[in-house]
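If you're wondering where the values come from, they're calculated on a predicted model, not measured in any experiment. Throughout, residue positions are numbered sequentially from 1 according to the sequence presented.
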Amino acid sequence: MTPLTTVEKAKILSFLETRLEAKVYDTWCRSLELEALDENQVRVPAVNPFYRDWLEKLLRKPLEDAFLQLFGRAPEIVFQVGLNAPAFAERPAQPAPRPVREAVAVEPMATKDFPFHASYTFENFIEGPSNRMAHAAAVAVSENPATLYNPLFIHGGVGLGKTHLLQAICHAILVRNPVAKVLYLSCEDFVNGYIYALQKRELESFRSRHRNADVLVVDDIHFLADKEGSQEEFFHTFNALHLAGRQMILSSDQPAQDIRALKQQLLSRFRSGFEAKIMTPTYETRLAILRRKADARWKDIPQDVLGYIAQVVETNIRELEGALTKVVGYAAISKRPTDLELAKEVLRDTEPPATSPVSVSEIQQVVARYFNRKVSDLQSRRWTKSTSQVRQICIYLCRKLTSASLEELGSHFGGKDHTTILYSVRKIEKLLGQDGGVRADVERLTRELGRR
Ligand code: ADP
Ligand code: MG
């Protein structure tokens, strides 16, 4: 087996680069291996069946065209699972010490919709005090699924690395055991799939799809909030998998007990394994993440530029990465060096403008949309019981975020007098200390209103 010469490979890669979207090329081709088996066959190794099918789907045609146009040959391109596969960065595939479950046939799943981001691996995850527990638990689960932490429940704010960790577990499990049935899906997919299956009367196949997994990973499980039927269905899925000794891994943007209207039985299942919180990263962790990202693509970015970005973008790693890309992009467009002066200029421009004060009617719209109600329900003279808490939350937010007086607020909420308004505010203030669900709603709404 001879690798293609470096020159041949470089030619093929630049051909692919012109043919594919930049994002696809970056994700799938930067570490692509090609081996000439003989004159008529070229092998593309892949680390597991998922990658193999995905690579084939993306690259078969472009590779065939490349050989034909560049070298006037039409070798057969063979996509194969093999140890030379490059997909998981530096660490070569290792044989599993103990497979998750004996599997007789290689059975790729979800090939139509390969769900993993190639760079969401443990190698690319920077550990720090904010995520140490979650990271350690994730590594432990990937090394010994269904033994220690089951379910593993990772929670934390938006953009802090939950999806990255979940997918890193999937990658690592598949590297150890390429035939493990690892099913990763967003909770939204689960809910939509369930609704679809109900309509089409395909519940059996919906169920067996999830219940056959060795490892079931459901991202953003807080999406189950308020969805009674889906919760019930997930409860049964959970129990079936648990009984069968399979691993479950869940993520949420809030602790399980704060997910709104989550059935008690499901809550206790979620809490029966290991819960790990990811917090906002420290300055040092933010800087290390930026350094890692910069080194992968733009090695010459000075440390003070990264330090500045890490200082101004504090709470969300996705935004942190976005800020770096913006700075680099701006430097390229304006043909200037990526220095501190430029970074300051760019990030000053992209800082949110001083927010204008929010109005009562904007709050009503946001709250109504959030709880799936009509704005008119909040404004109507008749206060129905079913909207009473939604209305109280809305009044509370108006009181805290606008300068409207109690009387003015009364007029916005069906002409109620100021004592009714005050009662609503007090009621929510009390609930904030007692009811995690209400607290989470108020926090999310406040965040959303602050972001307009
Ligand atoms: P979440 O699912 O919590 O909203 P993501 O997992 O999508 O967040 O992370 C957002 C971005 O930040 C991704 O590009 C991810 O790779 C990156 N990221 C988050 N945490 C880390 C980390 N500790 N090290 C490196 N990159 C990280
Ligand atoms: Mg996510």
Side-chain angles (χ1 to χ4, degrees), residues 20-28 30 89 115-131 134-135 154-168 186 188 219-220 222 251-253 278-355 443-444 446-452:
L20 300 165
E21 270 178 50
K23 209 168 80 194
V24 173
Y25 180 84
D26 279 350
T27 308
W28 299 100
R30 288 217 175 272
F116 302 132
H117 195 298
S119 69
Y120 286 3
T121 58
F122 285 129
E123 287 81 1
N124 290 333
F125 191 83
I126 304 281
E127 211 196 315
S130 55
N131 59 35
H135 175 260
I154 295 180
H155 66 94
V158 176
L160 295 185
K162 300 182 297 295
T163 298
H164 187 138
L165 267 187
L166 258 49
Q167 297 201 2
S186 71
E188 194 170 354
D219 206 351
D220 293 330
H222 55 264
S251 83
S252 166
D253 72 358
I278 306 190
M279 287 162 291
T280 46
T282 59
Y283 170 78
E284 291 75 13
T285 308
R286 298 199 296 277
L287 187 57
I289 291 173
L290 283 174
R291 187 76 264 171
R292 167 69 65 97
K293 187 156 169 81
D295 284 349
R297 301 185 61 180
W298 313 287
K299 285 216 180 335
D300 50 356
I301 299 188
Q303 191 72 2
D304 62 345
V305 170
L306 299 182
Y308 175 73
I309 300 174
Q311 215 175 9
V312 292
V313 185
E314 286 179 330
T315 51
N316 178 325
I317 297 172
R318 194 174 298 125
E319 282 171 18
L320 190 69
E321 295 178 342
L324 172 64
T325 314
K326 241 177 238 165
V327 170
V328 174
Y330 188 77
I333 292 169
S334 59
K335 301 204 168 35
R336 286 171 48 190
T338 317
D339 57 17
L340 189 58
E341 191 192 349
L342 176 123
K344 284 187 172 168
E345 225 175 281
V346 174
L347 294 184
R348 193 177 325 116
D349 286 353
T350 58
E351 265 168 28
T355 45
E443 281 171 5
R444 275 205 213 158
T446 309
R447 246 180 286 139
E448 186 168 334
L449 287 161
R451 256 205 310 265
R452 286 160 309 124

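- Closest non-hydrogen pair, A294 versus I301, comes out as CB-CD1, 4.3 Å.
- Heavy atoms only, all atoms of each residue included: Q303 and L287 are closest at NE2-CD2, 3.6 Å.
- Remark: side-chain polar atoms of N131 are paired, donor with acceptor, to backbone N or O of G128 under 3.5 angstrom.
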Test log, rule side chain to side chain donor-acceptor pair (under 3.5 Å), inputs D219 and T163: CA-CA 7 Å; D219 206 351; T163 298; 2.6 Å; yes

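- Between V158 and N316, the shortest heavy-atom distance links the atoms O-ND2, 3.5 Å.
- Counting only distance, with no hydrogens or angles, the side chain of T121 and the backbone of A168 share no donor-acceptor pair below 3.5 Å.
- Between the side chain of N124 and the backbone N or O of S119 there is at least one donor-acceptor pair closer than 3.5 Å.
- Taking all atoms of both residues into account, the shortest heavy-atom contact from S251 to K162 is CB-CB, 4.1 Å.
- Heavy atoms only, all atoms of each residue included: T280 and S130 are closest at O-CB, 3.4 Å.
- A distance-only check finds no donor-acceptor pair linking the side chain of K326 to the backbone of V346 [under 3.5 Å].
- In this structure, CG in D295 is found 8.0 Å from CG in L306, a value given to the nearest 0.5 Å.
- Rounding to the nearest 0.5 Å places NE2 of H164 at 8.5 Å from CZ of F122.
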Pair R297-V328, side-chain contact (heavy atoms from CB on, under 4.5 Å): steps then yes or no: CA-CA 10 Å; R297 301 185 61 180; V328 174; over 6 Å; no

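- The closest side-chain heavy-atom distance from L342 to P337 is not below 4.5 Å.
- We find the CG-CD1 distance between L320 and I289 to be 6.5 Å, quoted to the nearest 0.5 Å.
- Using a 3.5 Å distance cut-off with no hydrogens or angles, the side chains of R286 and Q311 do not pair a donor with an acceptor.
- Considering CD of E345 and CZ of R336, their distance stands at 4.5 Å, rounded to 0.5 Å.
- Classified by interplanar angle (parallel below 30°, tilted 30° to 60°, perpendicular above 60°), the ring pair H135/F125 is parallel.
- Of the inter-residue distances, the one linking E188 atom CD with D220 atom CG reads 8.5 Å to the nearest 0.5 angstrom.
- Looking at heavy atoms from C-beta onward, L324 lies in side-chain contact with W298 at the 4.5 angstrom threshold.
- The distance from atom CD1 of I309 to atom CG of D304, rounded to the nearest 0.5 Å, is 10.0 Å.
- The heavy-atom pair separating H117 from Q167 by the smallest distance is N-OE1, 2.7 Å.
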